[in-house]
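Here the structure comes first, spelled out in structure tokens, and everything after it is commentary.
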Amino acid sequence: MDISSQEIEAIVRQVLSGMSPTAPAAAPVQRTAVPQPALGCQGDRGVFENVDDAVQAAWEAQRDWASHYKLEDRQRIVEAIRRCARSHVEEWSRKIVEETGMGRYEDKVEKHLATINKTPGPECLNTEAISGDAGLMLEEYAPFGVICAITPTTNPTETIINNAISMISGGNTVVFNVHPRAKQVCAHCLQTLNTAIVEAGGPENLLTMTREPTMENVDKMAANPKIRLMAGTGGMGMVNALLRSGKKCIGAGAGNPPVIVDETADLELAGRKIYEGASFDNNILCFAEKEVFAVGNAFGELVRQLQKQGAYLLSSAQTEQLVKLCLQPDPKEGWSANKKWVGQNASKILEAIGVKVPDSCRLAVCQVPADHPFVVAEQMMPILPVVQSASFEEAVEQAVAAEHGNRHTASIFSKDVDHMTRFARAIETTIYVKNSATKAGVGIGGEGHCTMTIAGPTGEGITCAKSFCRRRRCMLAEGGLRII
Ligand code: NAD
């Protein structure tokens with residue numbers, strides 16, 4: 001009697017569930033074949049020594065994932081990822097602070113939870129159908145295949161969780177090249193998620209990475225025909241390198257989000273929300289408020305409101321001391337951040353120039369002209385420059401210049417609808433927030449889904465599973481299958 005591998009698997013499942021009456025019923029995975037790992041491809045729950053092995057394992061997993069698992073299986077496995085990640089939020093948040101030395105534990109917990117709860121799964125992959133005289137057209141979201149995903153040091157495991165949910169929901173598998181400064185916590189996260197995936201009935205190696213991430217590995221993946229898409233989250237140097245790779249790319253690059261506060265604004269609200277957003281995780285987020293342009297009379301009161309929230313107001317001499325400490329001249333950008341101070345607590349940065357403030361003081365504020373280094377540089381520190389603009393028009397001009405054409409994120413505090421619209425049109429950012437902290441634009445205290453990969457340069461915007469899929473069309477002509 002001939003017996004297929006699918007039938008063997010079903011029999012084994014039946015026997016095992018009979019042996020353990022308390023065990024949950026096995027997941028209804030539809031397989032037609034059990035893939036065997038190729039020689040030399042064995043990793044440690046997704047972590048490989050060699051990049052070619054990581055790609056090969058993810059490639060085999062993708063064939064299995066796309067061919068033998070249904071949408072309901074993807075949904076179940078995404079839920080398993082969410083459950084697993086939720087139970088490790090505190091641990092990963094603590095480990096990130098230890099390994100990268102940046103940011104605030106409590107804010108990392110909030111970022112993780114937003115990512116876990118608000119990254120859409122396969123349910124967002126809606127089929128589009130057009131039924132007409134000439135027949136029935138269907139357009140569906142199909143996988144690319146294996147994706148190389150480059151992740152930043154500023155949201156290391158948050159980006160792994162977010163990209164993993166989005167990418168595998170679309171039927172893809174992923175080879176991560178994580179930031180070397182966060183490689184340990186990323187490996188732990190990836191292995192833990194892979195274990196949860198396998199326990200929920202999914203294949204091994206849906207997510208892979210190399211133990212030692214390197215630029216050379218990125219180049220190798222760009223040249224490997226098994227990698228169908230490169231998705232990079234990080235600075236513009238990395239995004240520009242990806243764009244030159246010749247592969248299909250999704251690039252999520254730097255921001256330097258400006259805020260305009262005009263004379264019609266609720267200044268108490270502006271002070272409260274700007275303090276909250278600019279100090280969140282010590283300002284290492286690409287979408288966090290980096291500089292403020294306050295129009296005319298709004299300037300003085302806004303600074304007072306920021307102080308009322310707990311901000312320390314720097315004198316001009318202290319501001320210049322901080323420029324020397326925290327920034328360095330950069331031949332390309334004009335100024336760049338001294339990495340030693342990126343993501344540090346305001347109290348620690350201020351202590352270095354002899355100012356003692358309690359740790360509850362989350363932000364330092366300085367009053368500067370529009371071309372000041374703290375305005376120009378994407379410094380990612382809880383130091384917020386506030387510029388007094390003579391008019392709304394001047395504020396818009398200064399904000400557009402400070403954003404450097406990144407078209408990433410901007411916000412406005414105003415009750416003037418015309419101002420809101422004019423700034424939106426001029427700044428052209430992917431995220432545009434009115435009267436709240438910019439993090440509301442990724443669903444943290446706002447509506448809409450969350451992402452840690454905001455793809456401005458390549459246009460996918462607030463990415464989700466759809467962003468990592470190919471559109472495929474099926475056309476059934478001659479009116480077939482229509483019911484009217
Ligand atoms: P980074 O550019 O130093 O590193 C990001 C990743 O790219 C890392 O994995 C790094 O190893 C890799 N990398 C760097 N140069 C590369 C190159 N030439 N080729 C291939 N890979 C390269 O950035 P970071 O310090 O980790 O993160 C902060 C930066 O990322 C900020 O500029 C921030 O605005 C941006 N960011 C953007 C988003 C977004 O969604 N748009 C999200 C988070 C961070």
Side-chain angles (χ1 to χ4, degrees), residues 255-279 283 287-320 322-323 335 362-379 382-429 431-441:
N256 196 34
V259 184
I260 289 183
V261 180
D262 77 9
E263 287 172 307
T264 70
D266 176 339
L267 295 172
E268 190 279 329
L269 175 76
R272 185 156 42 85
K273 289 295 177 185
I274 294 171
Y275 182 86
E276 183 187 317
S279 67
N283 206 308
F287 50 75
E289 295 81 352
K290 297 282 189 294
E291 62 277 333
V292 179
F293 301 92
V295 180
N297 289 335
F299 178 79
E301 184 54 23
L302 176 71
V303 171
R304 267 188 296 282
Q305 290 294 337
L306 286 163
Q307 285 179 280
K308 202 172 131 199
Q309 292 298 319
Y312 178 83
L313 180 61
L314 294 158
S315 68
S316 0
Q318 288 167 339
T319 304
E320 294 324 302
L322 282 189
V323 169
W335 293 91
R362 292 170 58 103
L363 190 68
V365 172
C366 51
Q367 305 175 51
V368 295
D371 59 353
H372 190 270
F374 277 143
V375 174
V376 175
E378 191 203 17
Q379 26 115 350
I383 303 171
L384 186 71
V386 185
V387 175
Q388 184 169 30
S389 307
S391 63
F392 173 73
E393 289 68 27
E394 185 181 88
V396 171
E397 218 172 276
Q398 291 167 332
V400 169
E403 217 268 329
H404 305 304
N406 292 329
R407 301 196 293 177
H408 193 297
T409 297
S411 73
I412 184 167
F413 287 83
S414 175
K415 290 179 188 149
D416 183 328
V417 174
D418 182 45
H419 280 183
M420 292 177 181
T421 310
R422 278 162 63 194
F423 183 37
R425 288 192 177 146
I427 195 81
E428 294 186 285
T429 46
I431 297 175
Y432 186 67
V433 176
K434 300 164 181 169
N435 296 324
S436 193
T438 49
K439 62 192 167 87

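Starting from 1, each residue takes its place in the sequence as its number.
- In this structure, Gln318 contributes its side chain and Ser315 its backbone to a donor-acceptor pair below 3.5 Å.
- Proximity of Val292 to Leu306: side-chain heavy atoms (C-beta onward) are nowhere separated by under 4.5 Å.
- Gln309 meets the side-chain contact (heavy atoms from CB on, under 4.5 Å) test with Glu268, Arg272, Tyr275; sequence neighbours excluded.
- Across all their heavy atoms, Pro258 and Phe423 have their closest contact at CG-CZ, 4.4 Å.
- A donor-acceptor pair under 3.5 Å is formed between the side chain of Glu403 and the backbone N or O of Arg407.
- Residues satisfying the salt bridge (charged side-chain N to carboxylate O under 4.0 Å, His left out) test with Glu276, not counting sequence neighbours, are Lys273, Lys439.
- Remark: the backbone N or O of Gly296 is paired with a side-chain donor or acceptor of Gln388 at under 3.5 angstrom.
- Taking Arg422 as the reference, Glu393, Asp418 meet the salt bridge (charged side-chain N to carboxylate O under 4.0 Å, His left out) condition, with sequence neighbours excluded.
- For the atom pair Leu302 CG and Phe293 CZ, the distance stands at 12.5 Å (nearest 0.5 Å).
- Separating the NZ atom in Lys434 from the CD1 atom in Ile260 is a distance of 13.0 Å, to the nearest 0.5 Å.
- Side-chain atoms of Val386 and Val368, non-hydrogen and from C-beta on, never get closer than 4.5 Å to each other.
- When every heavy atom of Ala426 is checked against every heavy atom of Val396, the shortest pair comes out as CB-CG1, 3.6 Å.
- The two residues Ala278 and Asn283 come nearest to each other via the heavy atoms O-ND2, 2.9 Å.
- Here the closest non-hydrogen pair linking Glu263 and Ala298 is CG-N, 4.1 Å.
- Here Glu301 contributes atom CD and Lys308 contributes atom NZ; the two are 8.0 Å apart, rounded to the nearest 0.5 Å.
- Remark: His419 engages Phe392 in a ring-ring contact (aromatic ring centres under 6.0 Å, His included) (not counting sequence neighbours).
- Within 6.0 Å of CD in Glu397 there are 12 or fewer heavy atoms belonging to other residues, nucleotides or ligands.
- Heavy-atom contacts from other residues, nucleotides or ligands closer than 6.0 Å to CG of Asp416 number more than 12.
- Looking at heavy atoms from C-beta onward, Pro257 lies in side-chain contact with Lys290 at the 4.5 angstrom threshold.
- Although no hydrogens or angles enter the test, the distance criterion places a donor-acceptor pair under 3.5 Å between the side chain of Tyr432 and the main chain of Met420.
- Applying the side chain to side chain donor-acceptor pair (under 3.5 Å) test between Asn256 and each of Gln379, Glu378, Glu291 identifies Glu291 as the sole match.
- Remark: Ala364 engages Leu314, Leu350 in a side-chain contact (heavy atoms from CB on, under 4.5 Å) (not counting sequence neighbours).
- Here Thr319 contributes atom OG1 and Leu313 contributes atom CG; the two are 8.0 Å apart, rounded to the nearest 0.5 Å.
- Scanning for ring-ring contact (aromatic ring centres under 6.0 Å, His included) contacts around Phe374 gives His372, with sequence neighbours left out.
- With hydrogens and angles disregarded, a donor-acceptor distance shorter than 3.5 Å links the side chain of His404 to the backbone of Val376.
- For the residue pair Ser414/Thr264, the side-chain donor-acceptor check at 3.5 Å is satisfied.
- In this structure, Leu363 CG and Ile274 CD1 are separated by 10.0 Å, a value rounded to the nearest 0.5 Å.
- Taking every heavy atom of both residues into account, Thr438 and Ile431 meet most closely at O-CG2, 4.4 Å.
- Contact detail for Val375 and Ala402: the closest heavy-atom pair is CG1-CB, 3.8 Å.
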